[in-house]
Amino acid sequence: ICKAAQILEEQGILVIVAGGNSGPNNKTIGSPGISPHAITVGSVSITDRDIVSSFSSRGPTEDGLIKPDVCSYGGGNAKADAVPGELIVSGVEGWLDPMYDGLIKGFAGLRGCLVGGTKIYTPEGPKAIKDMQIGDEVYSFNGSIIRSKIEDVIDQGIQEAYHLRTQGLSISATDNHPFLRLDKAGHKYELKWTMLSDIKKGDIILSLRKAPETIVPELDHILTDDLIRWLGYFTAEGWINRSGRNYQVSVSKDGNVTKEKLYTHLFANLFGDLKYESSGGWNYFYSKRLALALSLLGLDRFHRDIEAPSWLYHLPHKKIGLYLQGLLEGDGSNPYGTGWTLEVASKGLASTVRDLAIYIGKPAGSKVGTRTRNITPPSSRLARPWTSYTVHIGVNNRHTGSSQYMNQLQQNLFDGDYFRLTKVMRIEPAGQERVYDITVKNAHNYIAEGLVVHNTSMATPAFAGLMALVEQDRN
């Protein structure tokens with residue numbers, strides 16, 4: 001019967017079946033109610049404060065599927081003034097209204113959601129979930145990493161969110177959003193979809209090790225290793241000024257003689273005999289062509305507004321690393337040799353640099369930090385508050401456990417070239433947030449903030465289809 005339900009669903013027929021009357025114990029739903037291709041209906045009693053009727057069969061199924069998909073009045077009385085034992089099932093009395101309204105109210109609760117600024121990993125680089133569009137490609141997990149298309153983007157309104165932090169990653173989601181947790185089943189380990197509400201500190205979940213390369217050959221050819229490294233340094237230490245027809249490219253000397261010699265030599269190799277003037281702590285290059293080229297690359301913003309350019313995601317990971325190297329040599333510090341700390345005036349730059357680092361497999365801290373202190377500008381005698389933004393790019397991997405343990409799990413559960421396990425360090429309330437979710441074709445999962453998450457809900461495909469029909473009818 002379950003096979004028949006699947007065949008009917010594939011033909012576009014909605015299959016709705018009763019859960020059965022074998023309650024009240026768990027795992028008492030039988031065939032075809034156990035099918036993920038059928039909508040299984042249970043019963044609640046209006047006279048018992050809307051709790052599940054004692055006779056109604058319960059889930060979950062043996063393979064962990066949540067059942068029944070929906071419950072409605074099937075025990076007790078259907079209206080408040082009915083006499084005991086009377087059951088009204090007439091459409092005139094409106095017996096369907098409570099079920100219909102309950103579906104609408106409960107649908108949002110079945111869908112796990114992420115806050116609007118959550119970065120979704122795509123072949124074009126990370127994008128905020130609120131900005132995703134139907135038809136966009138995202139990265140998904142199927143043992144290895146694949147591309148999947150978005151079928152829907154859902155604004156779920158304002159909901160209570162929770163902040164989950166792991167070893168180097170963090171995400172804010174509703175408590176019913178599922179993650180892939182490592183569970184032990186007998187003597188074996190398995191990856192199992194688990195809602196955030198059931199995840200606790202110390203649990204192990206699946207995360208991204210690195211994203212695949214999506215190289216544009218023409219861009220890779222033009223942007224050489226030395227040029228990419230210098231562009232990273234320019235992002236940290238340079239700016240462009242235009243006065244009338246005159247263009248001026250300025251690069252800070254930074255006060256570090258060794259660094260100045262290195263990048264002066266690098267600049268000479270790249271741009272030949274391009275002349276410059278040196279005054280105070282700056283080198284000035286008067287070149288319209290250089291200024292326009294830097295502008296085309298998106299490096300002409302003020303330091304408080306600049307971000308790492310998105311075209312970097314179309315270069316080999318090695319070159320992305322060289323850009324980060326140049327940037328860190330300009331605005332970073334590495335006092336203890338355990339990793340670099342980038343400190344910049346632009347929150348957008350700090351955030352996009354963190355995204356780049358995670359994308360190519362470098363640990364980059366669980367969040368962007370802030371620091372406010374009083375600084376006296378060169379043009380003033382008065383100190384004023386100055387806020388900077390920090391990112392720590394470390395040298396240690398984010399996975400947990402010994403290499404032998406990891407290798408064993410990788411062989412059985414996932415592709416270790418692209419995925420790794422990470423330990424949950426903290427879960428805490430994040431307050432009320434506007435949240436979103438997406439529906440991903442076939443894979444039904446995607447990578448958000450470096451973590452593998454399920455799409456829309458733990459509900460069965462058939463139930464999702466029913467809800468789409470209900471919403472369409474409502475609108």
Side-chain angles (χ1 to χ4, degrees), residues 126 165-170 207-211 223-239 251-267 269-270 281-283 299 303-304 306-309 312-313 315-373 375 386-400 420 422 425 449-450:
R165 183 170 69 85
T166 74
Q167 297 165 311
L169 298 171
S170 62
S207 69
L208 183 73
R209 178 182 293 274
K210 66 178 180 181
L223 299 175
T224 63
D225 289 0
D226 284 350
L227 179 54
I228 281 292
R229 185 176 174 184
W230 186 85
L231 290 173
Y233 185 78
F234 179 82
T235 302
E237 298 290 355
W239 62 289
V251 182
S252 171
K253 293 182 180 180
D254 193 57
N256 186 311
V257 176
T258 302
K259 190 188 303 181
E260 181 184 353
K261 286 182 178 180
L262 170 64
Y263 278 94
T264 299
H265 178 71
L266 199 63
F267 185 89
N269 289 341
L270 290 168
W282 295 88
N283 289 326
L299 300 176
H303 275 193
R304 280 205 169 275
I306 198 166
E307 296 182 356
L312 285 163
Y313 290 101
L315 294 175
H317 286 182
K318 174 189 173 184
K319 288 190 174 179
I320 297 176
L322 287 171
Y323 174 86
L324 293 176
Q325 180 181 346
L327 180 65
L328 290 167
E329 287 173 337
D331 269 341
S333 60
N334 182 18
Y336 306 111
T338 57
W340 286 83
T341 297
L342 176 72
E343 184 168 7
V344 291
S346 167
K347 185 178 182 179
L349 179 59
S351 178
T352 50
V353 164
R354 179 177 177 271
D355 291 340
L356 278 170
I358 295 172
Y359 203 82
I360 65 173
K362 293 184 179 294
S366 60
K367 65 178 181 178
V368 172
T370 60
R371 184 165 77 135
T372 301
R373 60 197 190 281
I375 291 181
W386 181 268
T387 299
S388 57
Y389 302 90
T390 60
V391 176
H392 180 75
I393 299 179
V395 295
N396 296 320
N397 290 330
R398 289 189 304 268
H399 67 70
T400 184
R420 56 162 54 119
T422 186
M425 306 301 291
E449 298 290 355

Return the [atom1] to [atom2] distance between [X] and [Y], rounded to the nearest 0.5 Å.
X	Y	atom1	atom2	value
E307	L356	CD	CG	10.5 Å
H392	N334	NE2	CG	8.5 Å
I228	L327	CD1	CG	12.0 Å
E449	T166	CD	OG1	10.5 Å
D225	K318	CG	NZ	4.5 Å
E237	H303	CD	NE2	7.5 Å

### Query
Picking from L322, L231, L312, what satisfies side chain to side chain contact (heavy atoms under 4.5 Å, CB included) with L223?
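When L322, L231, L312 are each tested with L223, the side chain to side chain contact (heavy atoms under 4.5 Å, CB included) holds only for L231.
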
Side chains of [X] and [Y], heavy atoms from C-beta outward: is any pair under 4.5 Å?
X	Y	result
Q167	T422	yes
I360	L324	yes
E343	D331	no
W282	W239	yes
Y313	P126	yes
K347	T370	no
I358	L169	yes
R229	L262	yes

Between [X] (side chain only) and [Y] (backbone N and O only), is there a donor and an acceptor less than 3.5 Å apart?
X	Y	result
S346	I306	yes
R354	V368	no
R304	A345	yes
S207	R420	yes

Restricting to non-hydrogen atoms, name the atom on [X] and the atom on [Y] that form the minimum distance, rounded to 0.1 Å.
X	Y	result
I393	K362	CG2-CB, 4.3 Å
A357	A364	CB-CB, 3.8 Å
A350	Y389	CB-CB, 3.9 Å

### Task
Could you walk me through whether L328 and V353 pass side-chain contact (heavy atoms from CB on, under 4.5 Å), step by step?
CA-CA 10 Å; L328 290 167; V353 164; 5.8 Å; no

### Task
Run the ring-centre check on W230 versus Y263 and record whether the distance is less than 6.0 Å.
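So the answer is no for these two rings.
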
### Task
Verify whether one side chain among T235 and Y323 offers a donor that lies under 3.5 Å from an acceptor in the other.
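Yes - a donor-acceptor pair under 3.5 Å links their side chains.
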
